[in-house]
Amino acid sequence: MIKLAAAHLALAMATRAVALTVSVPSPRDLFDDPCATFRLPPRPVNATFLDQTTIERPWIEPPFGFGYGKWALAWTSIEEYWGWSNMQNEWYPLTSTVNGDQVSEIHATVIADVNSFQLGDNNTVITTPGTDTPLPGQKYAWNYTIPAEIMAETDNTAWVGWGFDFYEQGAPYFVSYDASTVGVKNVSYGVSIYSRRERGPSDKTVAEVAECYNMLGSKVFADLFRTMRRTPTDGRRSDNLSWRGPSTHKENQIQKGRALDHQLPLH
């Protein structure tokens, strides 16, 4: 009888297990407002978007150190980058000030901002080292500069969003806005998404972010966000990234027949 009772219990538990469904977490699991981590570019970076009828709302900053390390440029509206392969960014503090005894009171005064990429099938990695200097009175906004001996370029840049892709193992990402670059080689302004995962946030996550920008009141910025395309990746530099997921080759096989640099299906 004991064995029979145990068998009935095991069968009941198995039945319940089969009936369970697994739901994908969303930003609502982290914040009451799923759009609280997104904002428009601050005025010193670009006032155009704020001169429209926009919605002022508190912006939740990323946790300390969230951006440090290596990232893959996964999506961008900057056309010049559409032809660059396996583009990555490395971001870490060069100098800092400490204003107290809390981690949150450590403030980077100069940040290394190193971009690297390949052209086509060429395995040569082209690197452009630069620095970010915080803009006075702004949060997560900097003046980006490439030294004169390299290219002598500068622009203002700011983070305009961050989060975790819960459809792809919770991989972290951030959204960056770059004003037009001035210097040897001028690059147009644009918005980009960097991810710890080579192919970046999933289409579903990017679509959810687009809806958040719709709510901020700047149609121009929301439309700019929708012009982004995936950047070309082929797995040659995926080992540089700390986040491990399905190989790019495997994902490309799954998406066979679709362009890798497709535009967002959000129009």
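Along the sequence shown, the residues carry numbers beginning at 1.
Under the 3.5 Å distance criterion, with hydrogens and angles disregarded, a donor-acceptor pair is assigned to the side chains of Thr109 and Thr95. Defined by atom type and a distance below 3.5 Å, a donor-acceptor pair is present between the side-chain atoms of Asp165 and Thr205. Between the side chains of Asn143 and Thr145, at least one donor-acceptor pair of N or O atoms lies under 3.5 Å. Between the side chains of Thr233 and Asn86, no donor-acceptor pair of N or O atoms lies under 3.5 Å. Using modelled atom types, one finds no donor on one side chain facing an acceptor on the other under 3.5 Å when comparing Thr127 with Ser116. Defined by atom type and a distance below 3.5 Å, a donor-acceptor pair is present between the side-chain atoms of Tyr167 and Glu208. Asn89 and Asp113 share a donor-acceptor pair across their side chains, judged by distance under 3.5 Å alone.
The hydrophobic clustering, which links ILVMFWY residues whose side-chain heavy atoms are closer than 4.5 Å, places Val209 and Leu224 together. Cluster membership for Trp162 and Tyr92, using ILVMFWY side-chain heavy atoms within less than 4.5 angstrom, is not shared. No continuous path of hydrophobic side-chain contacts links Val125 to Leu119 [ILVMFWY only; heavy atoms under 4.5 Å]. Residue Val114 is not grouped with residue Leu94 when hydrophobic side chains (ILVMFWY) are merged at heavy-atom distances under 4.5 angstrom, including chains of intermediate members. Phe174 and Ile60 fall within a single hydrophobic cluster, where Ile, Leu, Val, Met, Phe, Trp and Tyr side chains are chained together by heavy-atom contacts under 4.5 Å.
Annotation for Asn122: atom CG counts as buried by contact number, over 12 foreign heavy atoms lying within 6.0 Å.
The nearest pair of heavy atoms linking Met215 to Cys35 is SD-SG, 3.8 Å. Taking each heavy atom of Gly67 and Arg196 in turn, the nearest pair found is C-NH2, 4.2 Å. Of all the heavy atoms in Val45 and Ala158, the pair that sits closest is CG2-CB, 3.8 Å. Of all heavy-atom pairs spanning Ala141 and Pro42, the tightest one is CB-CG, 4.0 Å. The nearest pair of heavy atoms linking Phe66 to Pro172 is CZ-CB, 3.8 Å.
Panel note: side chain Arg229, backbone Ser77; no donor-acceptor pair is recorded below 3.5 Å. Checking side-chain atoms of Ser195 against main-chain N and O of Arg197 turns up a donor-acceptor pair under 3.5 Å. A donor-acceptor contact shorter than 3.5 Å links the side chain of Trp59 to the backbone of Thr37. Between the side chain of Arg236 and the main chain of Asp121, a donor-acceptor pair closer than 3.5 Å is present. Of the possible donor and acceptor atoms, none in the side chain of Trp142 sits under 3.5 Å from a partner among the backbone N and O of Thr131. Of the possible polar contacts, none joining the Trp84 side chain to the Gly120 backbone as a donor-acceptor pair under 3.5 Å is found. Side-chain atoms of Thr231 come within 3.5 Å of backbone atoms of Leu73 as a donor-acceptor pair (strictly under, hydrogens ignored).
Note: Arg43 CZ to Asn156 CG = 14.0 Å, rounded to the nearest 0.5 Å. In this structure, the separation between CG on Asp178 and CG on Asp155 is 5.0 Å, given to the nearest 0.5 Å. Separation of atoms CZ (Arg226) and NZ (Lys219) is listed at 9.0 Å; rounding is to 0.5 Å. To the nearest 0.5 Å, atoms CZ (Phe38) and CZ (Phe225) are separated by 7.5 Å. The OG atom of Ser192 lies 7.0 Å from the OH atom of Tyr81; values are rounded to the nearest 0.5 Å.
When side chains are defined from C-beta on, Ser176 counts as touching Tyr194, because their heavy atoms get closer than 4.5 Å. By the 4.5 Å heavy-atom criterion applied to side chains, Gln118 and Thr124 are not counted as neighbours. Side-chain contact between Val175 and Met228 is absent, with no heavy-atom pair separated by less than 4.5 Å. Looking at heavy atoms from C-beta onward, Ile193 lies out of side-chain contact with Thr76 at the 4.5 angstrom threshold. In this structure the side chain of Tyr140 reaches within 4.5 angstrom of the side chain of Pro62, judged on heavy atoms. In this structure the side chain of Leu216 never reaches within 4.5 angstrom of the side chain of Ser218, judged on heavy atoms. At least one side-chain heavy atom of Tyr144 sits under 4.5 Å from a side-chain heavy atom of Asn115. Within the 4.5 Å cutoff, no side-chain heavy atoms of Phe117 are placed close to those of Gln88.
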Exercise. Between Phe221 and Val160, is a side-chain contact (heavy atoms from CB on, under 4.5 Å) present by the stated rule, with each step listed?
Worked result: CA-CA 11 Å; Phe221 187 83; Val160 291; 4.1 Å; yes
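Comment: Glu90 does not engage Arg237 in a salt bridge, judged by the lack of any side-chain N to carboxylate O separation of less than 4.0 angstrom.
Between Trp159 and Trp71, the two ring planes are perpendicular [angle over 60°; tilted spans 30° to 60°]. Using the six-membered ring where Trp is involved, Phe164 and Phe166 have ring planes that are tilted, between 30° and 60° apart. By the 30° and 60° cut-offs, the orientation of the rings of Phe64 relative to Tyr68 is perpendicular.
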